[in-house]
Amino acid sequence: LSVTMKWQKAMTASSYRLQISRDSLFTSLAVDDSTIVDTVKTVSGLSPFTKYYWHVRAKNAATSGAFSATWTFTTFVLVPSPISPANNALGQPTSLTLKWNKIQGGTAYYVQMGIDSTFAGGLLVDDSTKTDTTQAVSGLTYNTQYYWHVAGKTGSSAFSPFSATWSFHTLIPVPGQVTLVSPASDGVVTAD
């Protein structure tokens, strides 16, 4: 949601006017900056998943030139991807670490984990303050399906949409050791 715009220097230009709009007629301006003295400008605060139109014109002390050709770009939000445990993994321990990839410029992550695939209730993890790419969880129940997903944000932007939901199933515990009761070891058994 932060984009660096670049253009070539125009002869005799002392400054430039950059316009970025949500429509090709430039009636819905997101940026209208006529104070730029360089041929590069970073703009931020753009809306996610939005097509933008942009053009630039040069000006000097006497007049302004024509706007350049109009170009377009579409914004998106980087969404982190789960890494482990693997999706649909079986036999997972009751204490483990959820891991996801770091997004470029990521400043925070929001991870949720629960027993409901819609995350409507039963959340065991609901943490939007993560600054790294792991979440340790423990005390999970044996033989249970868990679901998790993660969102991220860059800078002060809002969180991205959540990643695809992954699941894992904890292991079925090994049965306890059997203790023999009778007949006694090395005992004598009489036949009827």
Side-chain angles (χ1 to χ4, degrees), residues 1-84 86-87 98-114 117-120 123 125-135 147-167:
L1 305 182
S2 179
V3 181
T4 300
M5 319 301 293
K6 296 180 182 179
W7 55 91
Q8 291 181 338
K9 184 177 177 89
M11 286 182 18
T12 72
S14 58
S15 65
Y16 299 90
R17 180 177 186 177
L18 166 67
Q19 289 184 327
I20 302 175
S21 177
R22 290 179 185 86
D23 66 273
S24 61
L25 300 176
F26 292 87
T27 58
S28 178
L29 292 175
V31 174
D32 187 10
D33 188 346
S34 60
T35 64
I36 305 167
V37 294
D38 199 357
T39 58
V40 61
K41 173 73 175 179
T42 299
V43 296
S44 58
L46 300 175
S47 298
F49 309 110
T50 303
K51 182 174 185 176
Y52 286 99
Y53 300 81
W54 71 287
H55 58 201
V56 177
R57 76 175 173 188
K59 63 180 183 175
N60 58 28
T63 189
S64 294
F67 274 107
S68 66
T70 298
W71 282 14
T72 64
F73 63 93
T74 302
T75 57
F76 67 96
V77 177
L78 296 172
V79 177
S81 299
I83 296 174
S84 71
N87 194 22
L98 305 175
K99 296 179 184 174
W100 56 90
N101 73 311
K102 181 175 181 64
I103 58 173
Q104 182 180 354
T107 56
Y109 299 93
Y110 185 3
V111 61
Q112 290 183 323
M113 187 191 86
S117 64
T118 65
F119 302 95
L123 290 178
V125 176
D126 189 21
D127 188 349
S128 62
T129 64
K130 302 297 295 179
T131 56
D132 62 355
T133 58
T134 62
Q135 172 72 50
Y147 302 88
W148 71 285
H149 58 194
V150 62
K153 70 176 178 176
T154 58
S156 60
S157 70
F159 278 103
S160 70
F162 278 104
S163 66
T165 298
W166 278 25
S167 70

Colleague: Could you tell me which non-hydrogen atom of Trp100 sits nearest to which non-hydrogen atom of Pro80, and how far apart they are?
Modeller: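 The pair with the smallest heavy-atom distance is CD1-CB, 4.0 Å.
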Colleague: Taking the side chain as C-beta and beyond, is there a heavy-atom pair between Val43 and Trp54 under 4.5 Å?
Modeller: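 No. Closest side-chain heavy atoms not under 4.5 Å.
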Colleague: Apply side-chain contact (heavy atoms from CB on, under 4.5 Å) to Tyr52 and Val31, showing your working.
Modeller: CA-CA 10 Å; Tyr52 286 99; Val31 174; over 6 Å; no
Colleague: Hey, does the side chain of Ser14 reach the backbone of Lys59 with a donor-acceptor pair shorter than 3.5 angstrom?
Modeller: yes
Colleague: For the side-chain contact (heavy atoms from CB on, under 4.5 Å) test, which of Val125, Leu123, Val150, Asp127 pairs with Met113?
Modeller: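 So the option named by the test is Val125.
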Colleague: Angle class for the Tyr53/Phe26 ring planes (parallel below 30°, perpendicular above 60°, tilted otherwise)?
Modeller: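 Rings of Tyr53 and Phe26: perpendicular, over 60°.
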Colleague: Closest heavy-atom contact between Ser34 and Ser15?
Modeller: O-OG, 4.3 Å
Colleague: A side-chain contact here means heavy atoms from C-beta on lying under 4.5 Å apart; do Ser167 and Asn87 qualify?
Modeller: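 Yes - at least one pair of side-chain heavy atoms lies under 4.5 Å apart.
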Colleague: Quick one: does Tyr110's side chain have a donor or acceptor within less than 3.5 Å of a partner on Lys153's backbone?
Modeller: no
Colleague: Would you confirm whether Ser163, through its side chain, and Ser81, through its main-chain N or O, come within 3.5 Å as a donor-acceptor pair?
Modeller: no
Colleague: Show your reasoning for whether salt bridge (Lys or Arg N to Asp or Glu O under 4.0 Å) applies to Asp132 and Lys102.
Modeller: CA-CA 8 Å; Asp132 62 355; Lys102 181 175 181 64; over 6 Å; no
Colleague: Taking Ser47's backbone N and O only, do any of them form a donor-acceptor pair with Thr75's side chain (distance below 3.5 Å, no angle check)?
Modeller: yes
Colleague: Would you check if there is a donor-acceptor pair between the side chains of Ser28 and Ser21 at a distance under 3.5 Å?
Modeller: no
